[in-house]
Every structure is written in C-alpha cells, then in structure tokens.
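Here's the structure we're looking at; comments come further down.
Throughout, a chain's letter reflects where its sequence line sits, starting with A, and its residues are numbered from 1.
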Amino acid sequence: MPRTPEAESFFHAVYSAVQEIPPGKVTTYGHIAKLVGTPQRPRQVGVCLKHLPVPSADEATTPSPRFHHDNVPWQRVINAKGIISPRSQPSGARNQAAALEAEGVAVTTGALGELMVNFAEYGWFPRLLPSEVAAGAVLSSDEDEGEESE
DNA sequence: AGGTTGACCACCG
DNA sequence: GCGGTGGCCAACC
C-alpha cells in the first residue's frame with residue numbers, strides 16, 4: 001500500500017486504467033503510464049500491480065479494498081516487447097499466461113522460454129481511456145492508426 | 001536515514 | 001539489433 005496521498009492516487013489511477021482493458025486484449029506498462037498522465041513511470045505501474053491486494057483474506061474482518069486481485073485484470077499488462085514479464089520466478093509468468101489463455105489470448109513460447117503475445121492481434125492502445133472519452137474529453141478528429149502489421 | 005531493487009522504457013552507440 | 005545508460009520512485013533492506 002502506498003505511503004503518501006500522491007502515491008495512493010497514482011495507484012488508484014493505474015488500477016482504474018487497467019480495469020478498462022477489454023477482456024481478450026493486452027497492453028503495456030508504458031501505455032498505462034501514459035494513460036494516467038505519467039508517461040515516464042512505467043516502472044511504478046509494475047509496482048502497483050505487484051502490490052495489488054488480495055480480494056479479501058477475511059471479508060468479515062478486513063475492509064475489502066476497492067481494487068484487488070480479482071477485479072483488476074493485471075494479467076492484461078505485459079511489457080513493451082510483447083513478453084509477459086518473468087519478474088523473478090517463471091511460475092508467475094506462467095500463471096499470467098494461463099489467465100490470458102483462459103480469456104482467449106494466444107500465448108506463444110519463444111526459444112528461451114519467453115511467453116509472448118502478438119500485439120498486432122491482441123494489443124489495446126487507445127490514446128485516451130474510454131471513461132475519459134465518456135466524461136467529455138474531446139479528441140481531435142485527426143485520428144490515425146499506426147498499426148504495425150507485424 | 002541512506003542504499004538497493006525492481007511486473008519498465010526510450011534513447012543512444 | 002543487441003547491450004549499456006539514465007530516469008523514475010515505492011518498497012524493502
């Protein structure tokens with residue numbers, strides 16, 4: 001859990017943004033960082049997910065946190081190389097891969113055992129969060145899709 | 001109270 | 001295209 005109010009709001013923003021990734025899609029830490037207005041801190045996005053609280057260890061005694069492991073689709077965030085971050089133990093990445101496959105995302109295994117997802121097929125990279133668009137943010141009509149066709 | 005680590009990334013050689 | 005570097009900042013020694 002964050003120690004300072006700013007950190008808490010940052011965590012909050014990150015979790016909200018991650019919740020907007022559609023099922024069956026993936027994005028990157030860096031993109032989430034951009035979406036929340038701090039493009040230079042992809043690293044802290046990873047920190048946020050790492051510290052994602054468990055749903056409710058004891059629902060009766062513990063105040064259920066607004067964001068937790070079960071309502072924030074952390075598995076839909078991977079690194080900019082299209083690889084599921086191995087972080088420290090491969091088991092974690094395997095677990096994440098399984099969660100993605102469960103929602104229809106194809107995960108391929110590289111020569112070195114890296115678990116990869118094809119951005120061309122599953123990538124989700126909006127300029128603005130859907131919720132912000134709904135809130136009235138106006139985007140210029142000069143949209144342009146720079147989709148790299150693999 | 002100071003130093004290191006890390007679910008990262010863009011940039012340069 | 002790969003390896004090193006700098007920036008970022010919360011968590012953890």
_Among residues 16-35 of chain A, which ones have heavy-atom contacts with DNA chain B below 4.0 Å?_
A/Thr28, A/Tyr29, A/Gly30
*Pairs in or reaching into residues 40-50 of chain A: which pass salt bridge (Lys or Arg N to Asp or Glu O under 4.0 Å), with residues at least two apart or in two chains?*
none
_Considering only residues two or more places apart or on different chains, which pairs with a residue in residues 80-113 of chain A satisfy ring pair (Phe, Tyr, Trp, His ring centres under 6.0 Å)?_
none
*Nearest nucleotide by nearest heavy atom, which residue falls closer to the 5' end of DNA chain B, A/Lys81 or A/Val47?*
A/Val47
*Closest approach of A/Pro86 and A/Ala93, non-hydrogen atoms and distance?*
CA-CB, 4.0 Å
Can you name the atoms? Protein N/O to nucleotides 1-5 of chain B N/O, anything below 3.5 Å, with the distance.
none

*Mind calculating the distance between CH2 (A/Trp74) and P (B/dC8) to the nearest angstrom?*
14 Å
*Take atom CD1 of A/Ile83 and atom C1' of B/dC9, then tell me their distance rounded to the nearest Å.*
14 Å
*Please collect all salt bridge (Lys or Arg N to Asp or Glu O under 4.0 Å) contacts where either partner lies in residues 70-97 of chain A, sequence neighbours excluded, each pair once.*
A/Arg76-A/Glu103
Would you give me the side-chain donor-acceptor pairs under 3.5 Å for residues 106-115 of chain A, sequence neighbours excluded?
from     : atom 1 : to       : atom 2 : distance (Å)
A/Glu114 : OE2    : A/Leu112 : N      : 2.6

_side-chain hydrogen bond (donor to acceptor under 3.5 Å, both in side chains) involving A/Ser16 - partner list, sequence neighbours excluded_ = none
*In residues 38-46 of chain A, which residues come under 4.0 Å of DNA chain B by heavy atom?*
A/Pro42, A/Arg43, A/Gln44, A/Gly46
*Can you find a heavy atom in the side chain of A/Ser131 that is under 4.5 Å from one in the side chain of A/Glu20?*
yes
_Any non-hydrogen side-chain atom of A/Val36 less than 4.5 Å from a side-chain atom of A/Phe10?_
yes
*Would you say the side chain of A/Leu100 lies within less than 4.5 Å of the side chain of A/Tyr122, judging by non-hydrogen atoms?*
no
*So which pairs with a foot in residues 24-36 of chain A pass side-chain hydrogen bond (donor to acceptor under 3.5 Å, both in side chains), sequence neighbours left out?*
none
*Listed by chain and number, what are the side-chain contact (heavy atoms from CB on, under 4.5 Å) partners of A/Leu52, not counting sequence neighbours?*
A/Tyr15, A/Val72, A/Trp74
*Members besides A/Ile83 in its Ile/Leu/Val/Met/Phe/Trp/Tyr cluster (side-chain heavy atoms under 4.5 Å)*: A/Met116
*Does anything in residues 92-115 of chain A reach DNA chain B, meaning a heavy atom under 4.0 Å, and if so which residues?*
A/Gln96
*Between A/Phe67 and A/Phe11, is the ring centre distance below 6.0 Å?*
no
*Taking atom P of C/dC9 as reference, at what distance in whole Å does atom NE2 of A/His51 sit?*
16 Å
